[in-house]
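Naming: A, B, ... by sequence-line order, numbering from 1 per chain. Reckoned from all heavy atoms, side chains included, excluding hydrogens, waters and symmetry mates. Because the structure is predicted, anything quoted here is derived from the model rather than measured.
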Amino acid sequence: MSGKTDPGRFFEDFRLGETLRHATPRTVSAADAALYLALTGTRFAVTSADPFAQALGYAQAPLDDFLAFHIVFGKTVPDVSINAVANLGYAAGIFGAPLYPGDTVTATSEVVGLRENSNRQTGTVYVRSRGQNQRGETIVDYTRWVMVRKRDAAAPAPPASVPTLPEAVPPDALVLPAGLDLAHYDRALAGAAQGWGDYAVGERIDHVDGTTIEEAEHAMATRLYQNTAKVHFNQHSEAKGRFGRRLIYGGHIISLARALSFNGLANAFRIAALNGGRHVAPSFAGDTIYAWSEVRDKAEIAGRHDLGALRLRTVAAKDHACADFPDREGEGYHPAVVLDLDYWVLVPR
Amino acid sequence: MSGKTDPGRFFEDFRLGETLRHATPRTVSAADAALYLALTGTRFAVTSADPFAQALGYAQAPLDDFLAFHIVFGKTVPDVSINAVANLGYAAGIFGAPLYPGDTVTATSEVVGLRENSNRQTGTVYVRSRGQNQRGETIVDYTRWVMVRKRDAAAPAPPASVPTLPEAVPPDALVLPAGLDLAHYDRALAGAAQGWGDYAVGERIDHVDGTTIEEAEHAMATRLYQNTAKVHFNQHSEAKGRFGRRLIYGGHIISLARALSFNGLANAFRIAALNGGRHVAPSFAGDTIYAWSEVRDKAEIAGRHDLGALRLRTVAAKDHACADFPDREGEGYHPAVVLDLDYWVLVPR
Amino acid sequence: MSGKTDPGRFFEDFRLGETLRHATPRTVSAADAALYLALTGTRFAVTSADPFAQALGYAQAPLDDFLAFHIVFGKTVPDVSINAVANLGYAAGIFGAPLYPGDTVTATSEVVGLRENSNRQTGTVYVRSRGQNQRGETIVDYTRWVMVRKRDAAAPAPPASVPTLPEAVPPDALVLPAGLDLAHYDRALAGAAQGWGDYAVGERIDHVDGTTIEEAEHAMATRLYQNTAKVHFNQHSEAKGRFGRRLIYGGHIISLARALSFNGLANAFRIAALNGGRHVAPSFAGDTIYAWSEVRDKAEIAGRHDLGALRLRTVAAKDHACADFPDREGEGYHPAVVLDLDYWVLVPR
């Protein structure tokens, strides 16, 4: 046995306050946008066409915000969650500088919390991960926590330290892309007439359409993000695992739900924040994903009359059309629900 | 139920003479060419290599003509055919300016004909669709007609109006890319010695090779075109439908047939016109597509000694090698036939 | 039957010393890198990020060396191996100028050996294939030999001529990319601390991870290389063939093994030579590929203190984790082995 192979960090390998500098840097291109389109079917105009984006003040069509998130997330996997049992949550995710073709993404994670579980077999690791472009500008900054195995149950654990995380990102913490100006936002080209003022808190929208996932599709998406979590790629080992098959990366479900949400939210042109998210149940190849959204809150953006923010919950379900809005039920969820995502979007007024 | 979701137009929603301006604009790139290659296996030199294309007067390697067609077609789907029962035909398709990486495609459709069916449940909608680049140059201009459901069978229908459509585009209406000059066309690099003069009217060519289609492949291709027709993507709903499974977008069959036609037509470097096309039977994942072509006509191009036009019929069949040229049979077709496409190509002389 | 279709060359069609100029030229782009990533999961920093590559003296991130190899190889297929029974071996493969986005690849093959088999049904053809960029610089230059059918067993065969091929490329024949300087090589960003000095001859590394292959994935990869070998694409004909199903292009297994080797060889940033390779057994969709490597040799590079070369054997196995290093067994191989590849890599010291 050579010591060359990286076994990944176990719970006792993390130190509170340390910063992990992740491999592999990646220069993105229009090809990432095209592959993301081919794999998700996204239709938002800002990420589809340079002139549309430029009319709003973007340098060119940025990559999809969740694509940027997945690329950053993927880099953290080998250092943070290769030995994870479960991805427990996200919070305080703020999207910063748009990610453009030609930009190079690097990522770091700071260990912001550690808490051993009472069984001493595992512990929860909280990391604040930041993706940056080649100018050091933050693309996305978010906290996630994962349950990680201990190498040795008897290993001593540090005192429990759990960070305080906001229930949601406050609207005044949202970052607007530099130069953004929606005076020339063309709703006909974007695909829908509704603006910020047309959405009401509590309103629910069934996104109607459904997308079936193939093994090749989710695996290609997840490899594109250089996410190395074994459960998504190795049928030989997963056949002996809990589900008998490869799990779909939860981020792919987020992307499909976002793409489906176009039908009802075509003008939600920018993800501004990720307040939280639960991967309620696993998805597998062959599943058909549907989604619905609820407007949880609305916020004006200080000094801006051209746009506002909507806080959305988007719920994705599998093999279940969402006209009946499958949701939480008692302590749990409707059995079809696979994702419950809470986020802020920007919408023209 | 929110009114945010677009239900698409029903037959009674179309008005003769109105122009629909379609979402979503799209900036294409070399990634579209690479994905199209990976999904179809196309080998035509003009769309594969910049220096080859530049030697003929192109600014760079253009995207495949049918790729351009599919991107334009895809944009029309949400406005024209989301509630369609059947795609009935194409006519008068003329390819104009080549589509280059970096160009942005937008599309409009004019309603040029409406005719309610006698059962009053459906009607035929004729649209003339035009795809443009960011300079307003026409990329492709074609008419298609589709059978669309009525929302309400009792709704009044306009007087029947059916456009006059040509049996084929006349050769003098074909558009040559600006600056095209085949003096330096390299047949060895292009892959075959035959020129326009080597093809005879009535000649039939078996393209020999076959390509099996996977679900992930046709779905990725169709999403790349932002085509939203539900039948291609949603196994959960299609399982209850007529075929029990997802239908392959007919345009993907066109692309596969064109890619297969390289073996026998390697120098047919440019699609100049789409005279007509019938999707004779549906195709499904697992089908292997073969193709053969017939030279229906030949035309000189006024003032040009370096190239000529061939009018081709390319017939695609599934799970049936085409050495026996499966074709029309009586009122119908050989049971293996899935596509009967009529188009003009340009070929060096 | 038209004479337009290319039947490919049979054994008696090859002439010793002739040079075949292959179609189709191809301009590569960042999209090839993105697709290759999505299909293989490669994580080497040099091919992933422009700034990382530029810090080492590359103009920008080059395409993966094996991607360059596959594109060149693909061009040779229609002229060399369409009528091949088996791909027998590779030797003397030297990687030259890095292949960059924007470069155009063309390829030629010189017939360097011919030997009819005693059954007179087939013969072995040896070709030296060279891929070039648009400046005429060699990207990769290698010899392969294939067993090709005779059209007519009675056809006369030339006198047997078998080239002398090296057991391995000598280290002093390795080509370094122009301007290469590893003074600023960042091992943390690259993903591992080990350098050339940390590897010992005879050392074996289990790359741990496994990747399951889907039909859509290997077919997309192989089409991207414009490789036209029928066995990879046509389920209708392969259903009647020896295996009853499509074979995976052996080059895709090479790429997967190389991508898996990141875990243990993250700093092997450049393939310098291909000494030889055996596709020991076929792979099919659904197989999970694992790999392990052995350090066969180490070489200093004259005048260079920043890097050295490692001669590796990478063995890939299917549905068999490689902790037990499945290898040659007696006359043959452990039944799980599918690939035995011998190559030189460059590694920072």
Side-chain angles (χ1 to χ4, degrees), chain A residues 1-8 20-36 38-39 74-75 78-79 82 101-108 133-134 214-230 232-239 245-246 285, chain C residues 29-35 37-45 48-53 60-61 101 186-192 194 198-200 203-217 220 259 262-266 286-290 293 295 318-321 323:
Chain A
M1 177 66 196
S2 157
K4 298 297 188 303
T5 307
D6 182 6
L20 312 173
R21 193 163 160 251
H22 305 300
T24 297
R26 177 127 195 278
T27 304
V28 297
S29 76
D32 293 273
L35 267 163
Y36 191 78
L39 292 165
K75 295 191 186 319
D79 294 321
I82 268 294
D103 284 351
T104 298
V105 182
T106 54
T108 57
N133 65 20
Q134 68 284 1
E214 299 296 317
E215 296 283 12
E217 293 169 356
H218 76 84
M220 287 181 67
T222 309
R223 280 191 293 251
L224 185 67
Y225 315 141
Q226 297 179 312
N227 180 327
T228 58
K230 300 164 200 280
H232 310 313
F233 301 115
N234 187 326
Q235 181 58 34
H236 181 248
S237 60
E238 292 311 304
R245 48 199 305 212
R246 284 164 279 175
Chain C
S29 76
D32 293 274
L35 267 163
L37 165 55
L39 292 165
T40 67
T42 184
R43 291 190 286 142
F44 295 94
S48 185
D50 287 337
F52 191 96
Q60 59 181 298
D186 182 331
R187 296 187 191 189
L189 268 188
Q194 301 95 349
D198 299 311
Y199 291 89
E203 179 175 0
R204 299 196 297 180
I205 304 162
D206 170 19
H207 300 305
V208 180
D209 305 309
T211 303
T212 306
I213 309 168
E214 299 296 317
E215 296 282 13
E217 293 169 357
M220 286 182 67
F262 179 89
N263 198 349
L265 288 161
D287 289 349
T288 299
I289 302 299
Y290 294 87
S293 296
V295 180
K318 65 181 185 185
D319 296 339
H320 184 99

**Item:** Residue, of C:S48, C:G264, C:P101, C:G191, that accumulates the most heavy atom pairs under 4.5 Å with chain A
**Value:**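 Top option by heavy-atom pairs under 4.5 Å: C:S48.
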Taking every non-hydrogen atom, the tightest pair across [X] and [Y]:
X      : Y      : result
A:Q235 : C:T212 : N-OG1, 2.6 Å
A:K230 : C:V208 : NZ-CG1, 3.9 Å
C:G41  : A:R223 : N-CD, 3.4 Å
C:N263 : A:D6   : OD1-N, 2.9 Å
A:T5   : C:D206 : OG1-O, 3.0 Å
A:L224 : C:A34  : CD1-O, 3.8 Å

**Request:** Output all residues satisfying salt bridge (charged side-chain N to carboxylate O under 4.0 Å, His left out) with C:D186, sequence neighbours left out; order by chain, then residue number.
**Result:** A:R21
**Item:** Contacts of A:E238 that satisfy salt bridge (charged side-chain N to carboxylate O under 4.0 Å, His left out) - sequence neighbours left out
**Value:**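 Salt bridge (charged side-chain N to carboxylate O under 4.0 Å, His left out) check on A:E238 returns nothing, list empty.
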**Asked** Can any side-chain N or O of A:K4 pair as donor or acceptor with the backbone N or O of C:Y199 at less than 3.5 Å?
**Response**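 No, A:K4 side chain to C:Y199 backbone: no donor-acceptor pair under 3.5 Å.
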**Request:** State whether the side chain of A:T104 and the backbone N or O of C:A49 hold a donor-acceptor pair below 3.5 Å, judged by distance alone.
**Result:**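 Side chain of A:T104 to backbone of C:A49: no pair is present.
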**Message:** Need one label for A:H232: side chain, backbone, both or neither, based on atoms under 4.5 Å from any heavy atom in chain C.
**Reply:** neither
**Option among A:E217, A:E215, A:M220 that satisfies the side-chain contact (heavy atoms from CB on, under 4.5 Å) test with C:E214** = A:E215
